[in-house]
Amino acid sequence: MTPTADASPLAGFAENIEFALVVIDASRNISFVNKSAERMFGYDKAELVGKTLDLIIPARLRGAHNAGIARVAAGTPSKLSGKTVEVSALRRDGSEFPIELSLSVWQGPIGVSMGGIIRDISERRQRDMRLYRLAHQDTLTGLPNRLQFDMQLEDALERGEATGLLLVDLDGFKKVNDTLGHATGDTLLQALAVRLPAALDANAMVARLGSDEFAVLLRGIDKPAAVAAAANSLLHSFEQPFEIGDHLLKLGVSIGGAVAPRDGGDSEELMASADLALYRARQQGGSYRIFEPGMRNAVAVRRALQDELLRAIKAKEFVLHYQPQVCLESGRVLGAEALLRWKHPSRGLLAPADFLAVLETHSGALTVGNWILDEACRQSAAWRAQGFAPITMAVNLFAAQVNAGTLAETVTLTLSRHGLPANALELEVTETIALDYEERTLAPFRKLAKAGVGLAFDDFGTGHAALSTIKRFPLTVLKVDRSFVRDMLRDPQDAAIVRAVLGMASDMGLSVVAEGIETRAQEAALYAMGCRIGQGYLYSKALPAADFENLLKRAEHLSDDAPAIRV
């Protein structure tokens with residue numbers, strides 16, 4: 001056939017585009033391929049043209065392809081025409097690979113012809129698989145992560161499967177991190193990722209939920225005794241110490257279990273049941289507990305409180321009270337700690353001990369935490385506008401605020417909105433937050449510290465936090481826990497701890513706030529040790545904003561040599 005004037009440019013286009021072009025007739029014979037198709041499938045044009053399409057289709061898929069081509073050849077409109085689908089193709093070397101196919105059908109001089117525009121999507125599939133693994137797999141241990149675990153648990157429950165669940169909590173892991181370093185801790189977690197599955201049946205799925213939190217999903221398990229047997233097997237697996245480099249490490253473990261549907265019909269209820277069993281196991285130490293129907297009342301109470309908290313957030317029932325932080329030498333008010341209270345419609349004013357543990361894990365924790373930050377800054381700005389001497393406002397953070405990933409931006413915008421300088425605010429973190437050494441956690445604190453925002457470590461000395469915590473966090477303040485202050489006059493060990501914290505803070509250029517000061521004798525002892533800032537009932541309980549304002553007014557009338565304020 002002599003090419004027309006338009007045929008040559010079209011032929012040049014077809015030969016040089018990056019996509020493979022393959023044309024077949026109604027008998028499935030290949031009538032045209034371009035250079036990209038030759039490269040993609042590994043054949044020369046002469047080896048393809050005239051052959052059937054079976055040459056580049058995996059054997060297991062040929063029946064379906066041939067049936068579809070036959071229907072189109074008989075005049076049935078193709079459902080794939082004009083659409084893009086993903087299928088598998090076959091190279092000359094016998095290897096399969098994924099392709100993206102766009103099909104066209106037309107009537108030509110020799111009857112029906114079909115053409116495919118083909119793209120090799122192997123790299124895209126590999127990238128998608130990598131992204132999937134990153135999203136669903138813990139990068140350190142290779143175990144499924146929380147997202148994958150939640151998906152599998154939801155799937156099992158939606159299918160109505162009987163399902164066992166175990167929550168595993170390690171005892172002593174933080175100490176390993178603090179004393180031997182994070183490289184050793186990471187290696188220990190990797191060792192656990194091998195030992196835990198080895199102690200269970202093949203159908204058990206072990207996942208890493210967090211730093212040292214693991215969970216086990218037991219699909220098809222409908223008896224508490226079977227879940228208990230799995231928990232017991234895990235418990236025994238910890239009897240042998242872990243050999244990590246030159247170290248022989250002995251870890252304790254607590255395990256809580258639950259069974260669906262007996263202990264919960266949805267994932268939230270089932271996890272809550274297992275978590276309550278884990279709490280009971282922790283109380284016993286080095287043991288496991290399976291959820292029992294008698295525990296359900298505690299779960300019901302917790303869920304009722306969660307519902308009440310949701311209503312309280314919507315109804316704006318939370319208020320802030322403020323406890324002064326006082327200069328032990330002059331009695332001047334140097335700062336205030338904003339403390340959350342709940343104006344419950346029937347139970348009256350509730351202290352944090354009545355609801356904070358549930359609120360911290362509640363879906364509304366981020367909303368409440370950001371409200372506390374905003375309200376405390378608003379109040380601080382209002383007092384400054386009234387002419388009171390500037391004081392530092394201390395605000396406690398929820399883990400949800402840190403995990404949201406926007407802490408630095410939220411704090412910066414809040415300060416700007418209320419016209420406050422960065423040094424007007426001090427953020428207080430607990431060891432739960434401080435012990436998370438991931439860069440995503442540290443980065444916002446470093447950014448805020450560089451801007452001038454203070455960072456205080458609350459209740460120092462009561463838990464697992466150690467010198468490595470202080471070193472990594474850009475701290476400006478250590479708060480000595482009230483339990484040490486309370487007993488320091490009669491317990492030499494408590495006095496030694498307070499003295500050591502003060503000495504260490506002085507060497508590191510950190511301020512110290514002693515909490516829980518209730519007597520003048522405690523105040524005098526702390527001052528003699530070098531402490532200069534205190535907080536406690538000796539000066540004032542936490543007060544509503546209006547009462548705290550009156551305290552500020554009275555404090556302003558004190559002379560420089562007046563005693564510390566007491567309300």
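All values below come from the heavy atoms of this structure, side chains included, with hydrogens, waters and symmetry mates left out.
Of all the heavy atoms in L340 and V368, the pair that sits closest is CD2-CG1, 4.0 Å. Closest non-hydrogen pair, A394 versus Q325, comes out as CB-NE2, 4.2 Å. For M393 against A338, the heavy-atom pair with the smallest separation is SD-CB, 4.1 Å.
For D354 and H344, the side-chain atoms include no donor-acceptor pair closer than 3.5 Å. Remark: the Q535 side chain and the R482 side chain contain no N/O donor-acceptor pair separated by less than 3.5 Å. Between the side chains of Y539 and E523, at least one donor N or O sits under 3.5 Å from an acceptor N or O.
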Name each donor-acceptor pair under 3.5 Å that joins a side chain in residues 484-494 to protein atoms two or more places apart or in another chain, with its distance.
{"from": "D487", "atom 1": "OD1", "to": "R490", "atom 2": "NH2", "distance (Å)": "2.5"}
{"from": "D491", "atom 1": "OD1", "to": "Q493", "atom 2": "N", "distance (Å)": "2.9"}

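With sequence neighbours excluded, the residues satisfying ring pair (Phe, Tyr, Trp, His ring centres under 6.0 Å) with F445 are F473.
Under a 4.0 Å N-O distance rule, the pair D155/R159 qualifies as a salt bridge. Using a 4.0 Å cut-off between charged nitrogen and carboxylate oxygen, E213 and R208 do not count as a salt-bridge pair. Salt bridge annotation for E269-R303: present, with a cationic side-chain nitrogen under 4.0 angstrom from a carboxylate oxygen. A salt bridge does not link R554 to E549: none of the charged nitrogens lies less than 4.0 Å from a carboxylate oxygen. Classification of K314 and E317 as a salt-bridged pair fails, no side-chain N sitting under 4.0 Å from a carboxylate O.
Using cut-offs of 30° and 60° on the angle between ring planes, the pair W371 and F318 is tilted.
Tested against L209, the residues V168, L167, N145 include a single side chain to side chain contact (heavy atoms under 4.5 Å, CB included) partner, L167.
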